[in-house]
Amino acid sequence: MTTDTAGSEGSSGADPAELITRNVAEAVTSEEVEALAADPAGKRAYVGYEPSGVLHVGHLLTANKLIDLQRAGMEVVVLLADVHAYLNGKGSFEEIRETAERMKAQFLAYGLDEENTEFVYGSSYQLEEDYGLDLHALELETSLNRAQRAMAELQGGETPRVSHVVYPLMQALDIEYLDLDLAVGGIDQRKVHMLARETLPELGYEARPCLHTPIVADLTTGEGKMSSSAGVTISMADSTEELAEKVNSAFCPPTRDPEGDLENPVLELFEYHVFPRFAEVVVERPEEYGGDLEYGSYEDLAADLESGELHPADAKGALAASLDELIEPGRAKLRELE
RNA sequence: CCGCUCUUAGCUCAGCCUGGUAGAGCAGUCGACUGUAGAUCGACUUGUCCCCCGUUCAAAUCGGGGAGAGCGGACCA
């Protein structure tokens with residue numbers, strides 16, 4: 001069905017600089033990131049995650065980038081942001097820690113290299129005096145308006161709390177306290193990272209470069225960002241059947257660039273999730289329609305979809321199978337943890 | 001502490017004044033049509049009306065109590 005490349009080479013991935021910058025929505029700044037890419041060995045990059053019991057494609061997209069960075073020789077730090085989760089009303093520290101451990105196990109199952117990944121709990125340093133005082137200094141440097149623009153989106157109807165504006169300030173400080181060379185996040189983290197780059201120097205620290213991954217569009221509509229709610233997103237908890245059903249019902253016009261602001265989520269999943277992990281994708285196709293097809297790159301597949309050579313229904317079958325293979329280890333781990 | 005407002009379908013809300021066990025839009029589900037999805041037609045589903053007590057033949061609606069949420073309460077004008 002698909003050929004795993006995670007261990008060895010990788011079709012387009014031998015070059016570290018290419019690994020670091022591929023499939024990225026934005027590098028801030030590209031000069032700084034290029035400088036890093038020129039000598040990636042031992043450099044530290046991170047993504048912060050609010051603990052979640054089940055990983056979904058959103059998590060996996062940044063995880064793919066972390067895997068890229070590891071293969072390029074960098075050290076990876078995964079922040080299990082328990083204090084952030086607490087600030088976001090996600091429960092007691094005990095509950096949060098439990099979901100964080102599940103999250104960690106899933107990341108490892110997904111393919112992060114255990115040797116080169118440092119999992120850090122936010123609470124292990126964010127409650128120290130130095131951190132607290134620096135946080136207050138940052139609060140002093142930051143207008144309420146600015147912090148509000150950087151804060152995470154509120155859950156429907158929720159009213160903003162002071163905790164919500166402290167949240168992004170802590171994200172900024174984390175970049176310093178985790179001793180990083182690079183901050184990674186979805187493009188939705190852009191404002192936070194910009195805040196960090198602007199304010200860290202005010203405290204006498206160095207601004208770090210950032211890499212922002214794209215965000216996959218909503219599966220069923222192709223609009224905006226895919227919702228992370230269960231039942232809508234694709235997650236480690238999906239069975240093979242659920243996966244097939246979700247992918248089959250996905251919006252998929254035979255083009256890379258649908259009308260208006262719409263995206264083609266099926267192609268996006270191939271581009272950001274499948275091809276980065278597999279050297280080849282085999283599309284099984286009934287003889288009636290011409291028999292199986294093989295693709296070694298996203299470009300080839302997308303081109304065939306646009307030309308009509310590859311029918312969306314067949315593409316979906318291959319996508320579901322590939323995603324299933326990617327998710328299987330995490331799914332097994334979840335079952336084991338039950 | 002005081003005052004005002006809000007609480008009805010998954011979501012946004014209407015209905016309350018002038019009691020008769022509930023509606024719209026969106027979402028969702030299912031068919032038709034396309035070898036996917038969408039679009040387009042066609043059909044359909046959904047509710048402790050925040051809780052308790054009371055008035056009444058009858059309460060989402062009236063009265064009392066309670067809970068949750070939001071906003072406001074210097075000065076100036």
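Throughout, a chain's letter reflects where its sequence line sits, starting with A, and its residues are numbered from 1. As the structure is a computational prediction, the values presented were derived from the model and not from experiment.
Taking A:Glu118 as the reference, A:Arg44, A:Val77, A:Val120 meet the side chain to side chain contact (heavy atoms under 4.5 Å, CB included) condition, with sequence neighbours excluded. With sequence neighbours left out, A:Tyr298 forms a ring-ring contact (aromatic ring centres under 6.0 Å, His included) with no residue at all. Applying the ring-ring contact (aromatic ring centres under 6.0 Å, His included) test to A:Tyr289 and every residue at least two apart in sequence or in another chain returns nothing. For A:Tyr121, the ring-ring contact (aromatic ring centres under 6.0 Å, His included) criterion is met by no residue, not counting sequence neighbours.
Remark: B:rU34 base-pairs with no nucleotide in the shown strands. Criterion, Watson-Crick or G-U wobble with two distances under 3.5 Å. Of all nucleotides present, none satisfies the Watson-Crick or G-U wobble test against B:rU18 with each distance under 3.5 Å. Checking B:rC50 for Watson-Crick or G-U wobble geometry (two distances, each under 3.5 Å) identifies B:rG66 as its partner. Of the nucleotides present, B:rG28 is the one that pairs with B:rC44 by Watson-Crick or G-U wobble criteria, both distances under 3.5 Å. Pairing partner, B:rC13: B:rG23, with both Watson-Crick or wobble hydrogen-bond distances short of 3.5 Å. Pairing for B:rU55 is absent, judged as Watson-Crick or G-U wobble with the two contacts each under 3.5 Å. Pair assignment for B:rA39 gives none, since no Watson-Crick or G-U wobble pairing has each distance under 3.5 Å. Look at B:rC71: its Watson-Crick or wobble partner, with both distances under 3.5 angstrom, is B:rG3.
Spacing between B:rG54 and B:rA59 at atom P, rounded to whole Å, works out to 12 Å. B:rC26 and B:rG66 have their C1' atoms separated by 34 Å, with the value rounded to a whole Å. Nucleotides B:rG15 and B:rG20 place their C1' atoms 14 Å apart, quoted to the nearest Å. On the C1' atoms, B:rA58 is 23 Å away from B:rG65, given to the nearest whole Å. For B:rC2 and B:rC17, the C1' atoms lie 28 Å apart once the distance is rounded to whole Å. Taking the C1' atom of each, B:rC30 and B:rU48 are spaced 28 Å apart, rounded to whole Å. Comparing the same atom, C1', in B:rC71 and in B:rA24 gives a spacing of 28 Å after rounding to whole Å. Using C1' as the reference atom, B:rU61 and B:rG23 are 15 Å apart when rounded to the nearest Å.
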Can you pull every protein N or O that's under 3.5 Å from an N or O on nucleotides 36-38 of chain B?
residue : atom : partner  : partner atom : Å
B:rU36  : O2'  : A:Asn248 : O            : 3.0
B:rU36  : O2'  : A:Asn248 : OD1          : 2.9
B:rU36  : O2'  : A:Lys316 : NZ           : 3.0
B:rU36  : O2   : A:Lys316 : NZ           : 2.7
B:rU36  : N3   : A:Cys252 : O            : 2.6
B:rU36  : O4   : A:Cys252 : O            : 3.3
B:rA37  : O4'  : A:Ala250 : O            : 3.2
B:rA37  : O4'  : A:Lys316 : NZ           : 2.9
B:rA37  : O2'  : A:Ser249 : O            : 3.2
B:rA37  : O2'  : A:Ala250 : O            : 2.8
B:rA37  : O2'  : A:Phe251 : N            : 3.2
B:rA37  : N3   : A:Cys252 : N            : 3.2

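A ring-centre distance under 6.0 Å is not found for A:Phe270 and A:Tyr295.
For A:Thr221 and A:Tyr289, each mapped to the nucleotide of RNA chain B holding its nearest heavy atom, the one lying further toward the 5' end belongs to A:Thr221.
The CZ atom of A:Arg256 sits 12.5 Å away from the CD atom of A:Glu263 when rounded to the nearest 0.5 Å.
Pairs engaging residues 166-203 of chain A under the ring-ring contact (aromatic ring centres under 6.0 Å, His included) rule: A:His84-A:Tyr167, A:Tyr131-A:Tyr177, A:His193-A:His212 [sequence neighbours left out].
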